[in-house]
Amino acid sequence: MTQIPETAATFSGRRVAFLGKLAGMSRKDAAALLTAAGAKAVERPTVDIDLLVIGENDLPIFGEIDFPSAAAFWIAADGRIEIIQETTLWERLGLLETQQRIQRLYTPAMLADLLGVSKAIIRRWQRRGLIRPVREVRKLPYFDIREVAAAQKIAQLLAAGTAADHIERQLASLQSLSSCVDRPLEQLSIIVEGRNVLLRQGEGLIEPGGQMRIDFEKLEPDWLPELVESSPPKTRRSPAALVDLAAEYEDAGRFDAAVEALEAAAADLEESSELYFQLAELYYRSGKAELAIERYAAAIDLEPDFVEARSNLACTLVELGKLDEAVAQFQAAIAIYPDYFDAQYHLARLLDQMGRGDEALPHWEACRFLAPDDALQDEAAERLAVRR
């Protein structure tokens, strides 16, 4: 059972409600932690609550909270309801150092599912430095609540049609406004408004360089150069330039061209598991599953403990109908890192699909404790109930 620190005694007897979706854990898990701290979690923010927690996934951009009733609004305005952000709640409960056990860390697959994008996109943001893992286990990155919030802002910009390299340049400009800022998405009050990125400062909004607005429509056009420059004739790009070009093609959805650029770069670069992993992802996204399998295998040959490569390889093998090979790869990943939810979950489902339900049981059991949200926990519980 999670140990609640002495500082959590301030929760004793308080009625706590949540507003919006929590990023760090399910409401059910948060309610259990509050109960252990002596508080009572209530379903709705009514007039008799003492504390209102705003979920990180639904923090209001302009500071306006959408209260469920006028009465609750006036009581909060009168100071009788304390309002805090989700992260503040975790800090008060002393949970910032026990992240894995309370499911506050997200793998690329979990974060992709949360945001409705592909795992390759999450890895792409990581490579570009737009989000940074707070830890890595067997080359598997984990992202915390703050990185989830940053990723959501990036997703807003991408949904508005802004290219990733444009986002990078604008964030770099914002960072230059303050020499002590390292992570603009985390440390500055960044406002995403349509296709614009604004910085809140005092009562106003400024843009990179102090300009009135960032107009992404007026940035450089969305053209991509060829692998071979026209002038001088036949002059090839450097490996570093080819890697950057592959990233541009990937952002534009031109996966075949991205593969060509990255393979050309790989010919002059030292072998690395990350490079093979990136190539595998591109081959998969370009519809070449067999070639993706080869590159995943190459990554694993260089780093046998690369659990995400093993899991992705297994998922690709399933799509090709090579189920026994897929089972072996999932099992290998779990043997290396038993707390890897994605591998446990996919293996459990695969074994059920293959009619090997008894073998799936321990993996569903693991999913009950590792699942990042209520729906997946409930699915695991239902699968176990059917078998028992």
- Indicate the atoms forming the closest heavy-atom contact of Leu242 with Arg237, along with that distance. CD1-O, 3.8 Å
- Nearest heavy atoms of Val318 and Ala326, plus distance in Å: CG2-CB, 3.5 Å
- Query: If we ignore angles and hydrogens, is there a donor and acceptor under 3.5 Å between the side chains of Asp342 and Thr107?
  - Reply: yes
- Task: Flag the pair Asp339 / Leu370 as yes when at least one side-chain heavy-atom distance between them is below 4.5 Å, and no otherwise.
- Result: yes
- Determine whether Met354 and Val327 make a side-chain contact, defined as any pair of heavy atoms from C-beta on separated by less than 4.5 Å. yes
- Interatomic distance, Phe18 atom CZ to Leu52 atom CG [nearest 0.5 angstrom]: 9.5 Å
- Leu317 and Phe330: side chain to side chain contact (heavy atoms under 4.5 Å, CB included), yes or no, with the steps? CA-CA 11 Å; Leu317 289 167; Phe330 280 133; over 6 Å; no
- Query: Hey, are the side chains of Arg285 and Ile121 touching, using non-hydrogen atoms and a 4.5 Å cut-off?
  - Reply: yes
- Evaluate the criterion side chain to side chain contact (heavy atoms under 4.5 Å, CB included) for residue pair Glu379 and Trp364; output intermediate values, then yes/no. CA-CA 9 Å; Glu379 180 183 354; Trp364 284 121; 3.7 Å; yes
- Minimal heavy-atom distance between His363 and Glu359, with the atoms involved, is CD2-O, 3.3 Å
- Note on the structure: Output for pair (Ile122 CD1, Ile131 CD1), nearest 0.5 Å, gives 5.0 Å
- Would you tell me whether Tyr337 and Glu308 have side-chain atoms, one donor and one acceptor, within less than 3.5 Å of each other? no
- Of all heavy-atom pairs between Asp352 and Gly357, which one has the smallest distance, and what is that distance? OD1-CA, 3.4 Å
- Using a strict 4.0 Å threshold on nitrogen-to-oxygen distance, state whether Arg124 and Glu250 make a salt bridge. yes
- Full working for side chain to side chain contact (heavy atoms under 4.5 Å, CB included) between Leu19 and Val53: CA-CA 6 Å; Leu19 192 63; Val53 180; over 6 Å; no
- Item | Neighbour count above 12 (heavy atom, 6.0 Å) for Glu270 CD | no
- Query: What's the spacing between Phe143 CZ and Trp125 CH2 if we round to 0.5 Å?
  - Reply: 10.0 Å
- Message: Minimum heavy-atom separation for Pro141 and Pro108, please, with both atom names.
- Response: O-CD, 3.3 Å
- Got Cys315 and Gln329 here, is their nearest side-chain heavy-atom distance under 4.5 Å? no
- Task: Find the distance between CG (Asp244) and OG (Ser238) and round it off to the nearest 0.5 Å.
- Result: 8.0 Å
- Item | Pair Arg127 + Glu274, salt bridge at N-O below 4.0 Å | no
- Message: What I want to find out is whether Asp305 reaches Arg310 closely enough, with some N-O distance under 4.0 Å, to be called a salt bridge.
- Response: no
- Message: Under a plain distance cut-off of 3.5 Å, with no hydrogens placed, do Asn312 and Glu281 share a side-chain donor-acceptor pair?
- Response: yes
- Salt-bridge test for Glu82 and Arg14: reply yes if a basic N is under 4.0 Å from a carboxylate O, no otherwise. yes
- Item | Contact summary for Leu34 and Ala41, nearest pair of heavy atoms | CD1-CB, 4.3 Å
- Any link between Val117 and Leu282 through a network of hydrophobic side chains (Ile, Leu, Val, Met, Phe, Trp, Tyr) touching at under 4.5 Å? no
- Query: Side chains of Leu323 and Gln353: closer than 4.5 Å at any heavy-atom pair?
  - Reply: yes
- Message: For residues Val243 and Leu245: do they belong to one hydrophobic cluster (side chain heavy atoms under 4.5 Å, members Ile, Leu, Val, Met, Phe, Trp, Tyr)?
- Response: no
- Task: Report the residues that fulfil salt bridge (Lys or Arg N to Asp or Glu O under 4.0 Å) with Asp50, sequence neighbours left out, ordered by chain and then residue number.
- Result: none
- Query: With distance as the sole test, does Thr35 use its side chain to make a donor-acceptor pair with the main-chain N or O of Ala31 at under 3.5 Å?
  - Reply: yes
- Message: Quick check on Lys139: does its NZ atom have over 12 non-hydrogen neighbours (other residues, nucleotides or ligands) under 6.0 Å away?
- Response: yes
- Item | Residues Arg295 and Glu263 bridged, charged N to O under 4.0 Å | yes
- Message: The test is ring pair (Phe, Tyr, Trp, His ring centres under 6.0 Å); show your working for Phe277 and Phe306 and say whether it passes.
- Response: CA-CA 10 Å; Phe277 181 85; Phe306 198 158; 5.0 Å; yes
- Task: Please confirm whether the backbone N or O of Pro338 pairs with a side-chain atom of Gln344, one donor and one acceptor, at under 3.5 Å?
- Result: yes
- With the side chain counted from C-beta on, respond yes when Leu275 and Leu262 share a heavy-atom pair under 4.5 Å apart, and no when they do not. yes
- Query: Quick one: do Leu291 and Tyr296 end up in the same hydrophobic cluster if we chain Ile, Leu, Val, Met, Phe, Trp and Tyr together by side-chain heavy atoms under 4.5 Å apart?
  - Reply: no
- Can you list the steps and then say if Val307 with Ile334 is a side chain to side chain contact (heavy atoms under 4.5 Å, CB included)? CA-CA 8 Å; Val307 291; Ile334 291 168; over 6 Å; no
- Is Arg349 close to Arg383 at the side-chain level, that is, under 4.5 Å between some pair of heavy atoms? yes
- Side chain to side chain, Leu115 and Leu111, heavy atoms closer than 4.5 Å: yes
- Query: Distance from Gln377 atom CD to Arg368 atom CZ, nearest 0.5 Å?
  - Reply: 9.0 Å
- Side-chain donor-acceptor pair under 3.5 Å between Glu271 and Tyr276, yes or no? yes
- Message: Within this structure, what is the CD-CZ distance for the pair Glu147 and Arg132, rounded to the nearest 0.5 Å?
- Response: 8.0 Å
- Query: Got a salt bridge between Glu290 and Lys322, using NZ or NE/NH1/NH2 to carboxylate O under 4.0 Å?
  - Reply: yes
- Item | Shared hydrophobic cluster for Leu313 and Leu302 (ILVMFWY, side-chain gaps under 4.5 Å) | no
- Between Tyr249 and Glu260, is any side-chain donor less than 3.5 angstrom from a side-chain acceptor? no
- Message: Side-chain heavy atoms nearer than 4.5 Å, only ILVMFWY residues, links allowed to pass through others: does that put Tyr283 and Leu269 together?
- Response: yes
